[in-house]
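As structure tokens, the structure follows; a few thoughts come after it.
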Number of protein chains: 2
Amino acid sequence: MMADHAAGKPADEGVRGRFERIYQTLRTRICMLDYAPGSRLREEDLAGEFGVSRTPLRRVLVKLEAEGLLRSVHGVGTIVTDIDVDELAQVYELRIELAELVGKLSPVIVDAALIARFRDIRARCDRMVAEGDPREFSRINMEFFHLFTTLTTNEPLREISERLYYQTARIWLKTASRLEGFDELLQNEFVTFQREVADITEAVEHGDLTAAGYVRRAHIAMSFSRIRQASGAEAG
Amino acid sequence: MMADHAAGKPADEGVRGRFERIYQTLRTRICMLDYAPGSRLREEDLAGEFGVSRTPLRRVLVKLEAEGLLRSVHGVGTIVTDIDVDELAQVYELRIELAELVGKLSPVIVDAALIARFRDIRARCDRMVAEGDPREFSRINMEFFHLFTTLTTNEPLREISERLYYQTARIWLKTASRLEGFDELLQNEFVTFQREVADITEAVEHGDLTAAGYVRRAHIAMSFSRIRQASGAEAG
DNA sequence: TAGCATGTTGTTGTGCACAACATAAGAAGA
DNA sequence: TCTTCTTATGTTGTGCACAACAACATGCTA
């Protein structure tokens with residue numbers, strides 16, 4: 001009856017569950033900039049950390065590479081991809097359209113439990129704004145995204161939205177890290193997101209998922225516009 | 001100076017090229033029903049056929065499993081997934097919307113070479129209709145899909161459209177195989193597709209990619225409606 | 001003869017050793 | 001001192017052997 005040496009590692013998880021756990025862990029680290037863009041990872045180190053061999057770990061790396069978050073180069077290493085605002089323009093262009101579709105295709109039946117989840121995250125969002133931590137902002141932003149995608153039951157749409165979201169998730173933190181000192185701009189980002197959460201929550205409360213989709217669409221478009229402006233001001 | 005023992009295997013292809021070649025080969029076999037839904041594949045056989053070990057081949061199988069075309073079960077085998085019309089409803093729902101987006105997001109500049117490709121496939125489509133072979137229909141349909149996606153330069157949109165297309169590509173051949181003897185229905189399918197190709201070709205000739213997207217959208221929706229009807233008539 | 005336990009066979013999953021490859025350091029030469 | 005070739009080092013890619021697991025066949029028992 002040996003206990004697991006690592007926390008958060010249930011003994012009854014199958015190979016599929018283990019794969020998912022490692023995958024999500026690494027994906028979160030990349031998107032929270034725990035792994036800086038351009039930095040090198042070693043397969044053996046990661047394998048050792050998660051208590052497996054290189055072989056099953058490589059399956060995770062292959063998937064992350066297919067999603068554009070990593071790049072394995074023979075004889076060099078596994079490099080965390082760098083991101084550029086211009087390269088992400090097409091991804092945002094598509095995310096904008098898919099956000100609208102989330103409110104239109106196969107909408108869920110809104111029940112009390114769903115409304116409660118939106119109200120809960122809205123309350124935590126309000127607290128986050130008071131503190132003003134970019135990292136906490138990114139965390140709640142990620143959580144809110146997952147909640148938003150549950151508004152549709154169209155599974156392919158949810159999968160694709162998730163994939164595109166994680167391709168763009170890093171750019172906000174990366175841009176924000178260059179704006180330290182400009183607290184007004186950061187505070188504006190927090191308040192804007194706060195309004196988005198409030199508006200979408202109220203739309204869900206009224207059962208108007210189409211409206212929720214339009215609000216989300218508009219906010220994604222405006223968010224990217226601000227990111228592009230902040231990057232352009234830096235470069236120009 | 002050993003010559004390659006297999007045709008279509010250039011010696012200068014990198015590991016990336018080899019991966020893509022094996023991947024597309026297996027994907028085509030699955031979608032052309034060369035591998036019947038539910039049939040079992042052996043990793044070692046496939047590895048031997050392509051002249052590699054199991055290790056690199058498994059990367060291909062992992063990707064095909066992620067796309068829903070295969071299912072690896074420990075101790076059992078690698079099974080070609082079966083497809084159901086009802087399960088594909090959501091995929092079609094999304095494909096319909098993405099087809100419209102292809103004509104709207106980042107449209108390409110239409111030049112003479114692009115028009116020539118559409119006219120070429122239109123001519124071959126006309127010849128196909130005269131012969132009336134379901135397999136040849138599927139092949140041209142696949143080729144036309146790839147040509148259609150070149151109407152947008154939005155790379156994520158093209159990738160996602162491709163993935164969803166191959167998830168649904170088998171259902172037509174599978175449904176058609178049950179309709180042998182109903183030559184009128186098959187001929188109707190051919191002629192309908194012929195009209196789609198003609199309409200989209202003319203839209204491209206006029207540089208109206210938005211219209212091309214709408215035509216494509218309508219045809220995908222109608223095609224799935226007919227497939228659902230044919231399946232329902234069988235079951236009911 | 002039905003039911004069950006058990007061994008046998010076949011397949012995918014994993015770990016490990018080595019090959020292929022790229023990079024950087026260092027030495028030799030001009 | 002600069003250039004260039006060689007060598008050393010470190011990393012990912014591949015092949016192979018074995019473990020984990022499931023399905024099937026076989027024989028034993030009631």
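First the proteins, then the strands, lettered A, B, ... as listed; each starts at 1. Keep in mind it's a predicted model, so treat the numbers as computed, not measured.
Going from atom CG of B:D45 over to atom C1' of C:dG10 covers 12 Å, rounded to whole Å. D:dT12 atom P lies 7 Å from atom CZ of A:R42, rounded to whole Å. Protein atom CG of B:L61 is 14 Å distant from nucleotide atom P of C:dT11, rounded to whole Å. The interatomic distance linking B:R40 (CZ) with C:dT11 (C1') rounds to 8 Å, in whole Å. In this structure, the CD atom of B:E13 is 17 Å from the P atom of C:dA20, given to the nearest Å.
Under the side-chain contact (heavy atoms from CB on, under 4.5 Å) criterion, A:S53 pairs with A:T55, A:P56, not counting sequence neighbours. A search for salt bridge (charged side-chain N to carboxylate O under 4.0 Å, His left out) contacts involving B:E97 returns B:R217, not counting sequence neighbours. Under the rule for a side-chain contact (heavy atoms from CB on, under 4.5 Å), the partners of A:S72 that lie at least two apart in sequence or sit in another chain are A:E65, A:T78. The side chain to side chain donor-acceptor pair (under 3.5 Å) search around B:E155 returns none, not counting sequence neighbours. Every residue meeting the salt bridge (charged side-chain N to carboxylate O under 4.0 Å, His left out) condition with A:R27, not counting sequence neighbours, appears here in chain and number order: A:E162. Shown here are the salt bridge (charged side-chain N to carboxylate O under 4.0 Å, His left out) partners of B:R226, two or more places apart in sequence or in another chain: B:E189.
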Protein-nucleotides 14-17 of chain D N/O pairs under 3.5 Å:
| unit_1 | atom_1 | unit_2 | atom_2 | d |
| --- | --- | --- | --- | --- |
| D:dT14 | OP1 | B:R18 | NH2 | 2.1 |
| D:dG15 | OP2 | B:S53 | N | 2.8 |
| D:dG15 | N7 | B:T55 | OG1 | 2.7 |
| D:dC16 | N4 | B:T55 | OG1 | 3.4 |

Polar-atom pairs under 3.5 Å, protein N or O versus N or O of nucleotides 5-8 of chain C: list them with distances, or write none.
none

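Counting only residues at least two apart or on different chains, the ring pair (Phe, Tyr, Trp, His ring centres under 6.0 Å) pairs with a member in residues 132-155 of chain A are A:F137-A:W172, A:F137-A:F190, A:F137-A:F193, A:F144-A:F193, A:F145-A:Y165, A:H146-A:Y166. Sorted by first and then second residue, the pairs that involve residues 65-93 of chain A and meet ring pair (Phe, Tyr, Trp, His ring centres under 6.0 Å), not counting sequence neighbours, are A:Y92-A:F224. Residue pairs meeting the ring pair (Phe, Tyr, Trp, His ring centres under 6.0 Å) criterion with at least one member in residues 22-44 of chain B, sequence neighbours excluded, do not occur.
Under the 4.0 Å criterion applied to side-chain N and carboxylate O atoms, A:E67 and A:R163 are not assigned as salt-bridge partners. Using a 4.0 Å cut-off between a side-chain N of Lys or Arg and a carboxylate O of Asp or Glu, B:R216 and B:E100 do not qualify as a salt bridge.
Among the heavy atoms of the strands lying under 4.0 Å from B:L41 are primed sugar atoms or P, OP1, OP2 only; no base atom is included.
For residues 72-79 of chain A, proximity to DNA chain C is found at A:H74, A:G75, A:V76, defined as any non-hydrogen atom under 4.0 angstrom from a strand atom.
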